[in-house]
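First comes the structure, then the notes that go with it.
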Amino acid sequence: MKHNNIRLRFAPSPTGPLHIGGVRTALYNYLFARKHGGKLILRIEDTDQTRFVPGAEEYIIESLKWCGIEFDESVIAGGPHAPYRQSERKKLYQLYSNQLIASGHAYFAFDTPEELEQARKNAEAQKQTFIYNVDTRKQLRNSLVMPQAEVNGLIAAGEPYVVRFRIPENTQVEMDDLIRGRVVVQSETLDDKVLFKSDGMPTYHLANIVDDHLMEISHVIRGEEWLPSLPLHVLLYEAFGWIKPQFAHLPLLLKPDGNGKLSKRDGDRLGFPVFPLRWKDPKTGEVSSGYREAGYYPEAFVNMLALLGWNPGTEQELFSMDGLIQAFSLDRVGKSGSKFDPEKTKWFNHQYLINRSNDELATEFRPILQAKGIVADQQYVQQVVGLVKERVQFVNELWEQSVFFFEAPTTYDEQVVKKRWKENTPAQMMELSNILNAISPFSASNIDAAIKSWIEEQAYGMGAIMNALRLLLVGAAKGPHLGEIMALIGKEETQRRIQKGIEKLTN
RNA sequence: GCUCCCAUCGUCUAGCCCGGUCAGGACGCCAGGUUUUCAUCCUGGUAACAGGGGUUCGAAUCCCCUUGGGAGUACCA
């Protein structure tokens, strides 16, 4: 049996900022839902009160919004299955927990955390792992072994208890994963997981299955770290007699160097963000950088993330969100983990940046100019970015590449001075100044032609002249074509820089 | 330890299901070219089927083993 409607969900826990692996999971859910004309739901799984972090939920919502991932039903948008925050659905889980107890699929357990800890230690001492299962149940304090009256008495007395799932004996649990195919496990290897905690809240397992069922989720796309609990989830669906969604477990995002899951620390260590947005830990005050603040375009970020673990099977690498929706398919998602590559991420940003129009880029560059106290009109800035955009990966690198369009150089690169400023250079520059003065209109092509013929007449070296001139105008051996620079800053400014430079460098 | 998952250039990956191309592309790196500089750009190069057994005329592709890696193993998600 299958669900008729396509309904996906992304279900994060508000225990901190969402990292890029989580964003990718949300993205794949979004792509799949849109591709198949389905709905996407955002559900907040806040059943652990001890790990709740203020601001995390808002952070998650803002991050996904920045990425262009939209939800049809959520804590903000509401929807037919509201509320979408599990802490507000508390009563529901109690009901379903009771149902499982009534049907014999679950039982009460009174073991204290200390007792269980002790049991684990004992097992460990014998080089074994303690699991709460058919073998150990009998020695523990639960409703499977205690007389009914005693159980009732303990509950009536307010003794804390949890509800555990009773894993069936001697069965093969068969699961189908859209990415991994069929997976089979023996039920004996599973343990009787806690479904309902003593604090009155469900655990992830119960809440997740109940909500996925109630919200009519057809496909569960989540990280591979959930694969080990898939058998439990399947068993839960069967115990309830509910239709299962289809599952797809995504490969993990790995750290760029060495092995292991990408973590917050890797970002700090290797100098790249692991979070979409900047995050300030409300407790420690610790700040983690974000892609947005680092100057990445959300389109580039999303494009990069989409290609990490999925590929279209063609050689196309640049995709708009709509393009991704068109091309996306779960059977082109790989099985093995992907190491995250910060370098390629920058390349993606560069691609999006050079494809921006000069007008857009000028607008994006404007706040940076303002901060530097530069007043320039849009037209001028447009021309500047047009000349330098190929050389940068981020908008915030534009200033460094174009300062000289806005300010005359105040210092001159010593290396270049040494190499290009010869004894006869000042005289040549004076001559050149006169040549430039006669040009009208002062356009790049006119300038180029005039300089070229003058150099030929005088039999000066092109390299010697142009590099010295560049030094005067830019202050360093960098920048776009000189003719373009002079045309843009204008004749007067060009003359000023030449005069000033000669003075400074001859003294 | 136990359970499960995974395995192609340094990295992301195509090819694998349905055996038969010098194993393709991109990032990075290196070299050359263009350029008045730097960058861009163009051209070229570098570099991989983890190992071992099978099956087959033929294996990256199918099967088994080994090795390696990862995840899980909480009254966390």
Side-chain angles (χ1 to χ4, degrees), chain A residues 11-15 45-48 50-51 109 111-113 116-117 120 123-124 127-131 160-164 175 177 179-181 183-186 188-191 193-199 201-205 207-208 223-231 249 251-252 254 256-261 304 307-317 331-332 334-348 350 354 388-392 401 416 419-420 448 451-452 455 461-471 474 476-483:
Chain A
S13 235
T15 55
E45 308 220 323
D46 55 348
T47 52
D48 186 354
T50 62
R51 289 210 307 160
D111 317 278
T112 65
L116 292 172
E117 189 53 37
R120 280 189 200 100
E124 207 175 313
K127 286 222 156 197
Q128 291 192 317
T129 310
F130 169 79
I131 46 174
Y161 65 88
V162 299
V163 175
R164 284 182 183 271
M175 301 153 281
D177 185 275
I179 293 171
R180 277 147 229 284
V183 180
V184 181
V185 253
Q186 289 297 327
E188 291 76 66
T189 64
L190 272 21
D191 63 342
K193 278 271 180 290
V194 171
L195 258 25
F196 207 84
K197 301 184 264 189
S198 58
D199 65 359
M201 285 291 243
T203 60
Y204 167 83
H205 305 292
N208 189 264
E224 193 186 335
E225 68 270 25
W226 292 110
L227 197 53
S229 40
L230 182 56
H249 289 87
L252 262 17
L254 275 17
D257 61 336
N259 296 302
K261 210 160 103 170
M304 173 279 294
L307 272 299
L308 216 52
W310 169 85
N311 74 83
T314 66
E315 280 170 11
Q316 185 180 351
E317 291 200 279
D331 43 52
R332 294 210 63 90
K335 291 184 175 123
S336 49
S338 318
K339 286 187 184 176
F340 176 72
D341 183 1
E343 285 308 312
K344 186 122 189 193
T345 310
K346 288 180 189 165
W347 176 81
F348 273 110
H350 177 71
I354 60 179
V388 300
K389 67 177 180 182
E390 294 278 358
R391 342 166 68 91
V392 302
Q401 292 300 328
V416 184
K419 191 175 171 193
R420 304 294 188 184
D448 287 344
I451 293 181
K452 199 179 172 210
I455 288 176
M462 191 72 157
I465 298 297
M466 297 310 273
N467 285 305
L469 179 59
R470 179 175 295 278
L471 180 64
V474 175
K478 65 169 190 182
H481 189 80
L482 269 185

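Worth knowing before you read on, the calculation uses all heavy atoms, side chains too, and leaves out hydrogens, waters and symmetry mates.
- In this structure, Arg332(A) reaches the G15(B) phosphate: one of its side-chain N or O atoms is under 4.0 Å from OP1 or OP2.
- Separating the CD atom of Glu317(A) from the C1' atom of U11(B) is a distance of 12 Å, rounded to the nearest angstrom.
- Between Lys193(A) and Asp191(A) there is a side-chain heavy-atom pair separated by less than 4.5 Å.
- In this structure, of C75(B), U40(B), A26(B), it is C75(B) that holds the atom nearest to the side chain of Val162(A).
- Counting any heavy atom pair closer than 4.0 Å across all strands shown, Asp111(A) reaches a base atom.
- Straight-line distance between the C1' atoms of G19(B) and A59(B): roughly 6 Å, to the nearest whole Å.
- Residue contacts for Gly309(A): at a heavy-atom cut-off of 4.0 Å it reaches the sugar-phosphate backbone alone, with no base atom in range.
- Using a 4.0 Å heavy-atom distance criterion, Lys261(A) is classed as a sugar-phosphate-only contact.
- The side chain of Pro228(A) approaches A71(B) more closely than any other nucleotide in the set A71(B), C5(B), G25(B).
- G32(B) is paired with C42(B) under the Watson-Crick or G-U wobble criterion, all donor-acceptor distances under 3.5 Å.
- If you check A26(B), A77(B), G70(B) against the side chain of Glu224(A), the one that comes closest is G70(B).
- In this structure, Trp226(A) and Tyr204(A) have parallel ring planes: the angle between them is below the 30° cut-off, well short of the 60° mark.
- Residue-to-nucleotide proximity on RNA chain B shows that, of Glu225(A) and Gly479(A), the 5′-proximal contact is made by Gly479(A).
- For Leu252(A), whose side chain is taken as the heavy atoms from C-beta onward, the closest listed nucleotide among A71(B), C75(B), A77(B) is A71(B).
- Remark: Thr47(A) is in phosphate contact with A77(B), judged by side-chain N or O atoms under 4.0 Å from OP1 or OP2.
- Base pairing analysis places U37(B) opposite nothing; no Watson-Crick or G-U wobble pair with both distances below 3.5 Å involves it.
- Side-chain contact between Ile179(A) and His249(A) is absent, with no heavy-atom pair separated by less than 4.5 Å.
- The same atom, P, is picked in A50(B) and in A23(B); the two are 15 Å apart, to the nearest Å.
- Using a 4.5 Å cut-off on side-chain heavy atoms (C-beta onward), Met304(A) and Pro342(A) make no contact.
- Rounded to a whole Å, the CG atom of Asp191(A) is 14 Å from the P atom of U3(B).
- Taking the P atoms as reference points, A71(B) lies 32 Å from A26(B), given to the whole Å.
- For the pair Lys335(A) and U13(B), the criterion of a side-chain N or O lying under 4.0 Å from OP1 or OP2 is not met.
- Taking 4.0 angstrom as the limit, Arg164(A) places a side-chain polar atom (N or O) nearer than this to OP1 or OP2 of C75(B).
- Residue Arg51(A) places a side-chain atom within donor-acceptor reach of the base of C76(B), judged by atom type and a 3.5 Å distance cut-off alone.
- The separation of U55(B) from C63(B), taken at their C1' atoms, amounts to 8 Å, rounded to a whole angstrom.
- The nucleotide whose nearest atom lies closest to any side-chain atom of Lys197(A) is, among C6(B), U37(B), C76(B), C76(B).
- Residue contacts shown for Leu307(A) are limited to sugar-phosphate atoms, with no base heavy atom under 4.0 Å away.
- At the heavy-atom level, Val194(A) lies under 4.0 Å from the strands shown only through sugar-phosphate atoms.
- Taking atom P in both A39(B) and G28(B), one finds a spacing of 14 Å when rounded to whole Å.
- Contact annotation: side chain of His481(A) to base of U36(B), donor-acceptor pair present below 3.5 Å.
- Between the C1' atoms of U8(B) and G69(B), the separation comes to 15 Å (whole Å).
- When the P atom is compared between C4(B) and U56(B), the two are found 31 Å apart, to the nearest whole Å.
- One P atom belongs to G44(B), the other to C5(B), and the distance between them is 44 Å to the nearest Å.
- One can place CG of Asp177(A) at 10 Å from C1' of C5(B), the figure rounded to the nearest angstrom.
- Proximity of Pro160(A) to Asp199(A): side-chain heavy atoms (C-beta onward) are nowhere separated by under 4.5 Å.
- Residues Arg180(A) and Met175(A) are not in side-chain contact: their nearest non-hydrogen atoms beyond the backbone lie 4.5 Å or more apart.
- Remark: P of C4(B) and CD1 of Ile131(A) are 12 Å apart, rounded to the nearest angstrom.
- The phosphate of G10(B) has neither OP1 nor OP2 within less than 4.0 Å of any side-chain N or O from Lys339(A).
- Salt-bridge check for Lys344(A) with Asp341(A): failed, with every basic side-chain N at 4.0 Å or more from each acidic carboxylate O.
- For the OP1/OP2 pair of A14(B) and a distance below 4.0 Å, the side-chain nitrogens and oxygens of Asn311(A) include at least one atom meeting the criterion.
- Using the Watson-Crick or G-U wobble rule with both distances under 3.5 Å, A14(B) pairs with nothing in any strand shown.
- Listed nucleotides C75(B), U37(B), A26(B) differ in distance to Asn467(A); the shortest reach to its side chain belongs to U37(B).
- Nucleotide A7(B) is matched to U67(B) when pairs are restricted to Watson-Crick or G-U wobble geometry with both distances under 3.5 angstrom.
- C2(B) is paired with G72(B) under the Watson-Crick or G-U wobble criterion, all donor-acceptor distances under 3.5 Å.
- The local environment of CD in Gln316(A) is crowded, with over 12 non-hydrogen atoms from other residues, nucleotides or ligands closer than 6.0 Å.
- Nucleotides of RNA chain B nearest to Val184(A) and Tyr161(A) differ in position, and the one nearer the 5' end is that of Val184(A).
- Between the base of C75(B) and the side chain of Ser198(A) there is a donor-acceptor pair shorter than 3.5 Å.
- Distance CD (Glu188(A)) to P (C4(B)): 12 Å, rounded to an integer number of Å.
- In this structure, the CD atom of Gln401(A) is 16 Å from the P atom of U37(B), given to the nearest Å.
- Side-chain N/O atoms of Thr203(A) include none lying less than 4.0 angstrom from OP1 or OP2 on C76(B).
- The side-chain heavy atoms of Asn467(A) and Lys419(A), taken from C-beta on, include no pair separated by under 4.5 Å.
- Comparing atom distances between the Ala477(A) side chain and each of A77(B), U37(B), U3(B) picks out U37(B) as nearest.
- Here C2(B) presents its P atom at 19 Å from CG of Leu227(A), a figure rounded to the nearest Å.
- Between Asp48(A) and Thr15(A) the shortest side-chain heavy-atom distance does not fall below 4.5 Å.
- Nucleotide U36(B) holds its P atom 6 Å from the CE atom of Met462(A), rounded to whole Å.
- Contact annotation for Pro480(A): base contact, defined as any heavy-atom pair under 4.0 Å involving a base atom.
- Residue-level contact check: Arg180(A) touches the backbone only, with heavy atoms under 4.0 Å from sugar-phosphate atoms and none from bases.
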